[in-house]
Amino acid sequence: MGHYSKFLTPGSQRVFQTQEPSVDTLLSTTFVRPDGGTVVIALNLGDEPIDITIDDLESKQKSCFPKDYGYGSTVCVCNVTHCDDLDPLVKTPKGVVTVFETSKSGDRFVKTELKFGDNSGFKANKSQTITVDKSKGVYQKIVGFGGAFTDAAGLNIKSLPQNLQNRIISDYFSESGIEYNLGRIPIGGSDFSTHAYSYDDNNKDDFDLLKFSLTEEDFKYKLPYLEYALNVSLNRVQFFGSTWSPPAWLKNNSELNDG
């Protein structure tokens, strides 16, 4: 069995598998390597050849399970047993265009490759040529894309099973998702909180902010998901804070709501 070391690198871990009992002369086991590769070892105890089919449920779960909520378009279902994935982007050779298409009919990031100037694979009633000329100047630079880590978002995510909580953040920030790299954090409560609050309530005239502190909502609904986003992202994730309201004692109406 020593020659298995070629394929089972240190840190490889055996994983659960099932095998049909109809062939009693076949022994098999499966490992996942640290680099993510899957190794299946099969031993034929008999003299007759065996036709083997290997199903990888993880690979199958990369497809979109569409659902129509009655508005004329579909969404991809994500639950504890199935979520779709996106493959990492790979730089294409010179002269090749990679097309990702999402459509109202249900396509979700469907990938095709074309060559510049080649439209032979399309049959449409309308056509349009887009000419890219980087020599004539560049314009605004993209800082990134992201979303807000509000109390409402955290409250709803926390209501889910742990593996689905992790999956949601991964779908936004990881390489197998859409790779967000920005996050907005409300400073205190917001209109997406169960109640209005700031980080220095009920401490009138605390102009040095000596009583300024985080609240229970931060530790339950914001910080865990901020930390997980940092852990799963391969990119530099940037966060910025935005206040919804200063403490009520700093306002003329002495209320967190309104002006």
Side-chain angles (χ1 to χ4, degrees), residues 1-67 75-93 96 98-100 102 106-113 157-181 183 223-237:
M1 297 180 66
H3 56 281
Y4 293 151
S5 63
K6 173 69 175 177
F7 310 100
L8 297 178
T9 55
S12 298
Q13 187 167 6
R14 190 168 70 88
V15 297
F16 176 80
Q17 68 164 56
T18 58
Q19 179 179 314
E20 294 177 353
S22 56
V23 180
D24 57 6
T25 58
L26 182 70
L27 299 179
S28 65
T29 186
T30 303
F31 293 81
V32 174
R33 294 158 42 110
D35 63 2
T38 302
V39 178
V40 178
I41 299 173
L43 175 62
N44 185 358
L45 300 176
D47 297 325
E48 296 294 325
I50 300 174
D51 185 13
I52 299 175
T53 300
I54 298 174
D55 286 334
D56 186 347
L57 290 182
E58 185 173 324
S59 296
K60 288 182 177 180
Q61 291 181 354
K62 289 187 175 182
S63 60
C64 173
F65 282 3
K67 184 172 182 178
V75 298
C76 296
V77 173
C78 182
N79 54 39
V80 292
T81 60
H82 176 90
C83 287
D84 57 304
D85 286 326
L86 298 176
D87 292 328
L89 290 180
V90 178
K91 187 175 181 179
T92 54
V96 175
T98 303
V99 179
F100 294 91
T102 296
D107 290 333
R108 289 294 181 269
F109 292 97
V110 176
K111 180 180 177 181
T112 55
E113 288 190 351
I157 293 174
K158 191 175 178 63
S159 69
L160 301 171
Q162 186 62 54
N163 63 331
L164 194 52
Q165 293 182 39
N166 296 344
R167 181 63 198 232
I168 287 176
I169 301 300
S170 294
D171 280 351
Y172 281 110
F173 287 90
S174 76
E175 190 180 32
S176 62
I178 57 177
E179 298 191 72
Y180 273 2
N181 69 318
L223 291 174
Y225 305 114
L226 292 168
E227 182 177 4
Y228 195 73
L230 291 173
N231 290 337
V232 300
S233 176
L234 297 180
N235 304 305
R236 177 173 177 257
V237 179

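Every heavy atom of this structure was used, including side-chain atoms; hydrogens, water molecules and symmetry mates were not. Position 1 is the first residue of the sequence; numbering continues from there.
Shown here are the side-chain hydrogen bond (donor to acceptor under 3.5 Å, both in side chains) partners of S28, two or more places apart in sequence or in another chain: Q17, Q19. Listed by chain and residue number, nothing satisfies the side-chain hydrogen bond (donor to acceptor under 3.5 Å, both in side chains) test with N181 (two or more places apart in sequence, or in another chain). The side-chain hydrogen bond (donor to acceptor under 3.5 Å, both in side chains) check on S176 picks up S174, with sequence neighbours excluded. Every residue meeting the side chain to side chain contact (heavy atoms under 4.5 Å, CB included) condition with N231, not counting sequence neighbours, appears here in chain and number order: E227. Considering only residues two or more places apart in sequence or on other chains, L27 meets the side chain to side chain contact (heavy atoms under 4.5 Å, CB included) condition with L43, L45. Taking Y225 as the reference, Q165 meet the side-chain hydrogen bond (donor to acceptor under 3.5 Å, both in side chains) condition, with sequence neighbours excluded. Qualifying side chain to side chain contact (heavy atoms under 4.5 Å, CB included) partners for P161, counting only residues two or more places apart in sequence or in other chains: V80, N163, L164. Under the rule for a side chain to side chain contact (heavy atoms under 4.5 Å, CB included), the partners of T98 that lie at least two apart in sequence or sit in another chain are T92, F100, K111, E113.
I178 is not listed as a side-chain neighbour of D171, based on a closest heavy-atom distance of 4.5 Å or more. Between S233 and Y180 there is no side-chain heavy-atom pair separated by less than 4.5 Å.
Between V232 and S170, the shortest heavy-atom distance links the atoms CG1-OG, 3.9 Å. Considering all non-hydrogen atoms of both residues, K67 and V77 come closest at CB-CG2, 3.7 Å. Between C76 and D84 the shortest heavy-atom distance is CB-OD1, 3.5 Å. The minimum heavy-atom distance between T29 and R14, with the atom names listed, is OG1-CD, 3.1 Å.
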Run the side-chain contact (heavy atoms from CB on, under 4.5 Å) check on I157 and I169 step by step: do they pass?
-> CA-CA 9 Å; I157 293 174; I169 301 300; 4.2 Å; yes
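Using modelled atom types, no side-chain atom of N235 and backbone atom of V237 make a donor-acceptor pair closer than 3.5 Å.
Interatomic distance, L160 CG to R167 CZ, rounded to the nearest 0.5 Å: 13.5 Å.
Cys pair C83 and C78 passes the test of SG atoms under 2.5 Å apart.
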